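Heads up, the thing below is written out as structure tokens.
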Amino acid sequence: MVNNAEVADSLRFAVLHLSRGLRGSGRLGESRFCVLTVLAQGPMTVSELASHERVSVPSMSKLVSAMAEAGQVRRERDAVDSRRTEVTITDEGRAALDAASLEGAAWLDQQFGKLEGDDIATLGRAARIMRAMITR
């Protein structure tokens with residue numbers, strides 16, 4: 001019989017640690033990596049980013065300010081609604097995201113090399129299941 005709590009605990013641990021490896025060497029940091037990944041799809045407001053990342057607006061505002069200071073994002077007034085400010089990824093932010101993504105992909109490829117049998121196919125099935133869980 002499957003113990004849901006044990007599976008959830010094991011999965012949580014594995015996903016968190018796997019996520020660290022996938023983000024590359026960690027120079028970018030998890031929060032910045034996540035924000036840049038979202039912004040690579042298009043601009044968002046600070047409140048939209050906060051909602052997407054499930055953090056408070058003040059926390060996201062602080063992060064966006066630090067990222068703007070580092071040159072990874074910029075804030076721009078909406079051309080139609082000047083009260084609205086959107087956050088966009090900069091070329092520097094995209095380069096940092098790309099570098100972290102390449103490092104993460106190389107790390108994952110190295111981990112795949114350590115697997116045996118149909119483990120990669122099993123991981124592919126697990127990935128599809130987890131993706132379905134978060135897109136429902």
Side-chain angles (χ1 to χ4, degrees):
M1 180 161 199
V2 175
N3 181 321
N4 287 357
E6 287 178 10
V7 171
D9 190 50
S10 180
L11 185 60
R12 182 172 39 88
F13 178 85
V15 168
L16 288 172
H17 288 273
L18 186 62
S19 177
R20 287 183 186 149
L22 289 172
R23 288 190 310 271
S25 66
R27 289 176 284 183
L28 194 54
E30 180 178 1
S31 297
R32 289 180 188 223
F33 184 89
C34 291
V35 168
L36 291 175
T37 299
V38 171
L39 291 177
Q41 305 305 311
M44 295 179 93
T45 65
V46 170
S47 59
E48 289 168 340
L49 282 168
S51 176
H52 187 276
E53 295 302 310
R54 298 180 182 181
V55 299
S56 70
V57 172
S59 292
M60 182 56 68
S61 183
K62 184 177 177 181
L63 176 60
V64 166
S65 292
M67 293 174 72
E69 190 173 309
Q72 297 167 331
V73 301
R74 73 176 158 272
R75 289 183 166 133
E76 298 176 335
R77 292 273 180 208
D78 187 297
V80 177
D81 184 353
S82 62
R83 296 170 298 172
R84 181 180 163 96
T85 301
E86 291 188 325
V87 181
T88 60
I89 190 171
T90 63
D91 289 342
E92 188 174 331
R94 192 170 303 278
L97 177 61
D98 290 346
S101 295
L102 284 173
E103 289 176 24
W107 177 85
L108 187 58
D109 189 53
Q110 185 179 39
Q111 302 313 305
F112 280 176
K114 300 173 185 176
L115 299 178
E116 297 177 1
D118 64 348
D119 288 347
I120 293 176
T122 300
L123 287 174
R125 183 170 181 269
R128 286 189 298 279
I129 292 168
M130 290 188 293
R131 189 174 196 96
M133 288 170 59
I134 61 172
T135 58
R136 290 183 185 158

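Here the structure is a predicted model, which means the values were calculated and not measured.
How far CE of M67 is from OG of S31: 9.0 Å, rounded to the nearest 0.5 Å. Distance check, rounded to the nearest 0.5 Å: CG of L49 to NE2 of H52 gives 8.5 Å. Between the CZ atom in R128 and the CG atom in L123 there is a gap of 10.5 Å [rounded to 0.5 Å]. Between the OG atom of S56 and the NZ atom of K62 there is a distance of 10.0 Å, given to the nearest 0.5 Å. The CG atom of D91 lies 7.5 Å from the CZ atom of R74; values are rounded to the nearest 0.5 Å. Taken to the nearest 0.5 Å, the OG atom of S59 stands 15.5 Å off from the CZ atom of R54.
Smallest separation of non-hydrogen atoms from R32 and A70: NH1-CB, 3.7 Å.
Applying the 6.0 Å contact sphere to CG of D81 captures more than 12 heavy atoms from other residues, nucleotides or ligands.
Neither L108 nor V15 shares a network with the other; the hydrophobic side chains, linked directly or stepwise wherever heavy atoms of I, L, V, M, F, W or Y lie under 4.5 Å apart, form separate groups for each. Tracing side-chain contacts under 4.5 Å through hydrophobic residues (I, L, V, M, F, W, Y), one reaches I120 starting from W107; they form part of the same cluster.
A salt bridge is defined here as a Lys NZ or Arg NE, NH1 or NH2 lying under 4.0 Å from an Asp or Glu carboxylate O, and D9 with R12 meets this definition.
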Practice prompt. Walk me through it: do L63 and V55 pass the test side chain to side chain contact (heavy atoms under 4.5 Å, CB included)?
Written response: CA-CA 11 Å; L63 176 60; V55 299; over 6 Å; no

Practice prompt. Just do the side chain to side chain contact (heavy atoms under 4.5 Å, CB included) check on V73 and L36 with the steps written out, would you?
Written response: CA-CA 8 Å; V73 301; L36 291 175; 3.9 Å; yes

Discussion item. Does M130 form a side chain to side chain contact (heavy atoms under 4.5 Å, CB included) with L11? I'd like the steps, not just the answer.
Written reply: CA-CA 10 Å; M130 290 188 293; L11 185 60; 3.9 Å; yes

Discussion item. Is there a side chain to side chain contact (heavy atoms under 4.5 Å, CB included) between V35 and M60? Walk through the geometry before answering.
Written reply: CA-CA 9 Å; V35 168; M60 182 56 68; 3.9 Å; yes

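A donor-acceptor pair under 3.5 Å is absent between the side-chain atoms of T85 and the main chain of R75, judged by distance alone. Without hydrogens or angle criteria, S61 side chain to V57 main chain gives no donor-acceptor distance under 3.5 Å. Checking side-chain atoms of T37 against main-chain N and O of F33 turns up a donor-acceptor pair under 3.5 Å. Between the side chain of D118 and the backbone N or O of A121 there is no donor-acceptor pair closer than 3.5 Å.
At least one side-chain heavy atom of L28 sits under 4.5 Å from a side-chain heavy atom of Q72. Within the 4.5 Å cutoff, the side chain of D78 has no heavy atoms near those of the T45 side chain. Put simply, the side chain of C34 reaches to within 4.5 Å of the side chain of E30, judged on heavy atoms. Contact check for M44 versus V87: no side-chain heavy atoms found under the 4.5 Å cut-off.
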